[in-house]
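Computed from a predicted model, the values in this text were never measured in an experiment. Residue numbers start at 1 and run along the sequence shown. Note that these values count all heavy atoms, side chains included, but never hydrogens, waters or copies made by symmetry.
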Amino acid sequence: MSLSTHTTPSGFLLPSIHSAPPFFTEQPNPTTKATATEQWIRLILTYARHRRLFALRVEDTEASGNDWEEILRNERINRKILPDHLSDIIAVMVDRNLATYEPPKQTRSALIYWRLPEEWAEVLYDWVISSGQLNTILTFYDITDPPVESPLTDIPVPLLRKAIAILGKTGRSQVIAIADGEGVRFLARSK
């Protein structure tokens, strides 16, 4: 068996482990399972960053044509990850704060943190400064769907809320009730 890297149609370079049939099977040996889980987590996070994907569902293992198909399946070796295996990997990611179940109180769908909420908070604050939005009240829609694409375009609202809350703890944001729901004002760093 020859293990080789492969570039997907989206331009993502799959690691050679992706061409090993055992990679797609949950391993019974705890040491091997831990190593494979680490490799899956790294693959999921780097692929999510590459494609700017935020949500991963256990059902993505079964459905073809979804955003995750390039890594959850390998047609060259006729393998795919099974739903229970992916569910276990997502659970480990949640335990390590690399993902969170979204919506809460279920375990079939997760918000993937290819950037941690603390990193998103800094990206958000940098965008606010660079776009001249300091002391301006913005809606969540203004941030997630700006007129000019930004690093925050299409960021899920639950993740945006976490980033805003982190900035709020340092006095750099303030959530404000407005007519259409909620807005947020970003404040200068306190000296």
Spacing of [atom1] belonging to [X] relative to [atom2] belonging to [Y], to within rounding of 0.5 Å:
X: Phe54; Y: Ile112; atom1: CZ; atom2: CD1; result: 11.0 Å
X: Asp60; Y: Leu86; atom1: CG; atom2: CG; result: 7.5 Å
X: Asn78; Y: Arg73; atom1: CG; atom2: CZ; result: 10.0 Å
X: Asn74; Y: Glu69; atom1: CG; atom2: CD; result: 11.0 Å
X: Ile71; Y: Leu56; atom1: CD1; atom2: CG; result: 7.5 Å
X: Thr100; Y: Leu111; atom1: OG1; atom2: CG; result: 7.0 Å

(request) Begin with the C-alpha distance, continue with both residues' side-chain angles, and end with the deciding distance and a verdict on side-chain contact (heavy atoms from CB on, under 4.5 Å) for Arg172 and Arg185. (result) CA-CA 8 Å; Arg172 295 184 283 165; Arg185 179 186 343 219; over 6 Å; no
Could you check whether any side-chain N or O of [X] sits under 3.5 Å from a backbone N or O of [Y], counting only pairs where one atom can act as donor and the other as acceptor?
X: Glu122; Y: Glu119; answer: no
X: Ser150; Y: Pro146; answer: no
X: Thr46; Y: Arg42; answer: yes
X: Arg51; Y: Asp67; answer: yes
X: Thr8; Y: Phe12; answer: yes

For a 4.5 angstrom cut-off between non-hydrogen side-chain atoms, does [X] reach [Y]?
X: Leu82; Y: Thr61; result: no
X: Ser10; Y: Glu70; result: yes
X: Asn135; Y: Phe186; result: no
X: Leu160; Y: Trp120; result: no
X: Leu14; Y: Thr7; result: no
X: Pro117; Y: Leu159; result: yes

Between [X] and [Y], which heavy-atom pair has the shortest distance, and what is it?
X: Ile164; Y: Ser173; value: O-OG, 2.7 Å
X: Ile166; Y: Ala121; value: CG2-CB, 3.8 Å
X: Ala63; Y: Asn66; value: O-ND2, 2.5 Å
X: Met93; Y: Leu45; value: CE-CD2, 3.7 Å
X: Gly183; Y: Ile137; value: CA-CG2, 4.3 Å
X: Ser4; Y: Ser19; value: N-OG, 3.1 Å

Do [X] and [Y] land in one hydrophobic cluster if side-chain heavy atoms of ILVMFWY residues count as linked below 4.5 Å?
X: Leu53; Y: Leu116; result: yes
X: Val184; Y: Ile176; result: no
X: Val157; Y: Leu124; result: yes
X: Leu43; Y: Val92; result: yes
X: Leu187; Y: Ile143; result: no

Go through the structure and list residues passing ring-ring contact (aromatic ring centres under 6.0 Å, His included) with [X], not counting sequence neighbours.
X: His6; value: none
X: Tyr101; value: none
X: Tyr125; value: none
X: Phe23; value: Trp40

(request) Before accepting this row, confirm whether a basic side-chain N of the pair Asp154/Arg52 lies closer than 4.0 Å to the acidic partner's carboxylate O. (result)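 No, no charged N to carboxylate O under 4.0 Å.
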(message) If you count every heavy atom of other residues, nucleotides or ligands that lies below 6.0 Å from Glu75 atom CD, does the total exceed 12?
(response)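 Yes, CD of Glu75 has more than 12 neighbouring heavy atoms, counting only those of other groups under 6.0 Å.
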(message) Please tell me whether Gln27 and Thr32 have a donor and an acceptor in their side chains that are separated by less than 3.5 angstrom.
(response)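 Distance-only check fails for Gln27 and Thr32.
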(request) Could you name each residue pair satisfying side chain to side chain donor-acceptor pair (under 3.5 Å) that touches residues 137-146, not counting sequence neighbours? (result)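 Sorted pair list: Thr139-Asp142, Tyr141-Asp145.
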(message) Per the side chain to side chain donor-acceptor pair (under 3.5 Å) rule, what does the pair list look like for residues 105-118, sequence neighbours excluded?
(response)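 Counting only pairs at least two positions apart or across chains, the side chain to side chain donor-acceptor pair (under 3.5 Å) contacts touching residues 105-118 are Glu59-Arg108, Tyr113-Lys162.
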(request) Determine, stepwise, if the pair Phe24 / His85 fulfils ring pair (Phe, Tyr, Trp, His ring centres under 6.0 Å). (result) CA-CA 8 Å; Phe24 291 86; His85 188 187; 8.7 Å; no
(request) Evaluate salt bridge (charged side-chain N to carboxylate O under 4.0 Å, His left out) for Glu38 paired with Arg96, printing each intermediate quantity in order. (result) CA-CA 11 Å; Glu38 288 303 317; Arg96 294 184 188 170; 2.4 Å; yes
